[in-house]
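Notes follow once the structure below has been shown.
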Amino acid sequence: MVRRGLMIALVVVVAVVAAAWLALRGPDIPYATLEARYGGTKSGYLDVPGGLRLHYQASGPAGTPPLVLLHGYGDSFTTWDQWLPALATEYRVITLDLPGHGLTRAPEGYVLSAPGLVAAVDALATGLDLPRFALAGNSMGGGVAWHYALAHPERLSALILVDAAGWPLPPPDKLPLAFRILQYSAGRWLLAHIDNRPLIEDGLKKDVYDPAVITKALVDRWAELQRAPGHRAILMSPDFRSLSDASTEKLAAIHVPTLVLHGEADALVPVESGRRFASAIEGARLITYPKVGHLPQIEIPARSAADVAAFLRDAAARP
């Protein structure tokens, strides 16, 4: 009788797990579908060494100073849409999808790392024959930006760090659920095969001060672009350590004009990180925003873009 009861319980558990899997599984969405939905007339594609096909969009008058914008982990070029009205009048704004994100294609086995992402940015700058350019990045993109400033200082006219990665993240129990699941191999496998929309929505709403700015359309866009072929496998194997190796000694080597923007309510990358960047980089200007979280470009786009525009004008006027 006990054995029969255990068998029934096992069958029930297997049935529940199978039903949950069928409900949560999220197959890849073909690139053609995503390109039709999220690309546009401004989209460009660049094949570069290493098997990457970089997607970027360029806005603003040709011949104006270039400004390259790098998004955060799991995000895409669309995160900067609300900055364009304020910046694409004076600058040639180039928004890039980093490998494993958005509409950029990467080969099977690609692993996120600081050196690889820096190489991708440099391949874009070389392929587009950019003159000296300003480089801005949010979160992971900010980590890539300051690593790029160390590797290629001669190519930059200015550096802008927006709630940038670099210093150690908070303890695992303080991170959003998705980041905690990433700590385990079984969790990474699961996230690589399901539709992560519920986790994305939960994480984004915890990233910001006012969850109302996280719309259904924004969450849908994040979730769908992460289901591009190969993206989830890449996102589940990030080498975060290579982006969290900031030190006072390293950052002291950055001499390009630098602006640090940081939300004071950022629970993912605490505002103290922004203060440490500003302190370590000589001459860096720090602006912090009360009642703003991890995504100033979405939470207060007009104000943060205006601060960037004013900084770039000032940087251009320096001897």
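Please read these numbers as outputs of a predicted model, since none were measured by experiment.
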- line: Of all heavy-atom pairs linking Ile254 and Trp146, the shortest is CD1-O, 3.9 Å

message: Please report the interatomic distance CD1(Ile214) to CD(Glu201), rounded to the nearest 0.5 Å.
response: 9.0 Å

message: Ring-plane angle category for His101 and Tyr73, please: parallel below 30°, perpendicular beyond 60°, tilted otherwise.
response: perpendicular

statement: Closest heavy-atom pair, Asp28 versus Pro229, reported as atoms and distance to 0.1 Å, is OD2-CA, 3.5 Å

field: Minimal non-hydrogen separation, Arg132 against Leu156, with atom names
entry: NH2-O, 2.8 Å

- prompt: How far apart are the closest heavy atoms of Pro301 and Gln297, and which atoms are they?
  reply: CB-O, 3.2 Å

- prompt: For Gly40, does its backbone N or O pair with a side-chain atom of Ser43 as donor and acceptor, under 3.5 Å?
  reply: yes

query: If you count the non-hydrogen atoms of other residues, nucleotides and ligands that lie under 6.0 Å from CD in Glu264, is the total more than 12?
result: yes

message: Whether the side chain of Thr126 engages the backbone of Ala123 through a donor-acceptor N/O pair (distance < 3.5 Å, no angle test) should be reported.
response: no

field: Leu54 CG to Asp97 CG distance, which is reported to the nearest 0.5 Å
entry: 9.0 Å

- prompt: How many angstroms lie between CG in Asp163 and CZ in Phe277, if you round to the nearest 0.5 Å?
  reply: 10.5 Å

field: From Tyr45 atom OH to Arg53 atom CZ, the distance as rounded to the nearest 0.5 Å
entry: 7.0 Å

field: Option among Thr95, Leu103, Leu46 that satisfies the side chain to side chain contact (heavy atoms under 4.5 Å, CB included) test with His55
entry: Leu103

- request: Show your working on salt bridge (charged side-chain N to carboxylate O under 4.0 Å, His left out) between Glu35 and Arg105 and close with a plain yes or no.
  value: CA-CA 11 Å; Glu35 288 171 0; Arg105 306 188 189 197; 3.1 Å; yes

statement: Contacts of Arg155 meeting salt bridge (Lys or Arg N to Asp or Glu O under 4.0 Å) (sequence neighbours excluded), chain-then-number -> Asp122

message: Could you tell me if His262 and Ser273 have a donor-acceptor pair between their side chains, going purely by distance under 3.5 Å?
response: no

query: Roughly how far apart are Asp314 CG and Leu259 CG, rounded to 0.5 Å?
result: 10.0 Å

- prompt: Mind checking whether His71 and Phe77 have ring centres under 6.0 Å apart?
  reply: no

field: Minimum heavy-atom distance Lys250-Leu150, with the two atoms named
entry: O-CD2, 3.4 Å

message: Distance alone, cut at 3.5 Å: any donor-acceptor contact between the side chains of Thr78 and Arg221?
response: yes

query: Which heavy-atom pair separates Pro99 from Leu117 by the least distance, and what is that distance?
result: CD-CD2, 3.7 Å

- request: Mind checking the CD1-CG spacing from Ile281 to Leu161? Nearest 0.5 Å is all I need.
  value: 5.5 Å

- prompt: Just by distance, with hydrogens left out, do Tyr289 and Asp266 show a side-chain donor and acceptor under 3.5 Å apart?
  reply: no

query: Hey, does the side chain of Arg227 reach the backbone of Pro27 with a donor-acceptor pair shorter than 3.5 angstrom?
result: yes

Distance-only donor-acceptor check, side chains Asn138 and His294, under 3.5 Å: no

query: Do Trp83 and Ser304 get their side chains close enough for a donor-acceptor pair, meaning under 3.5 Å?
result: yes

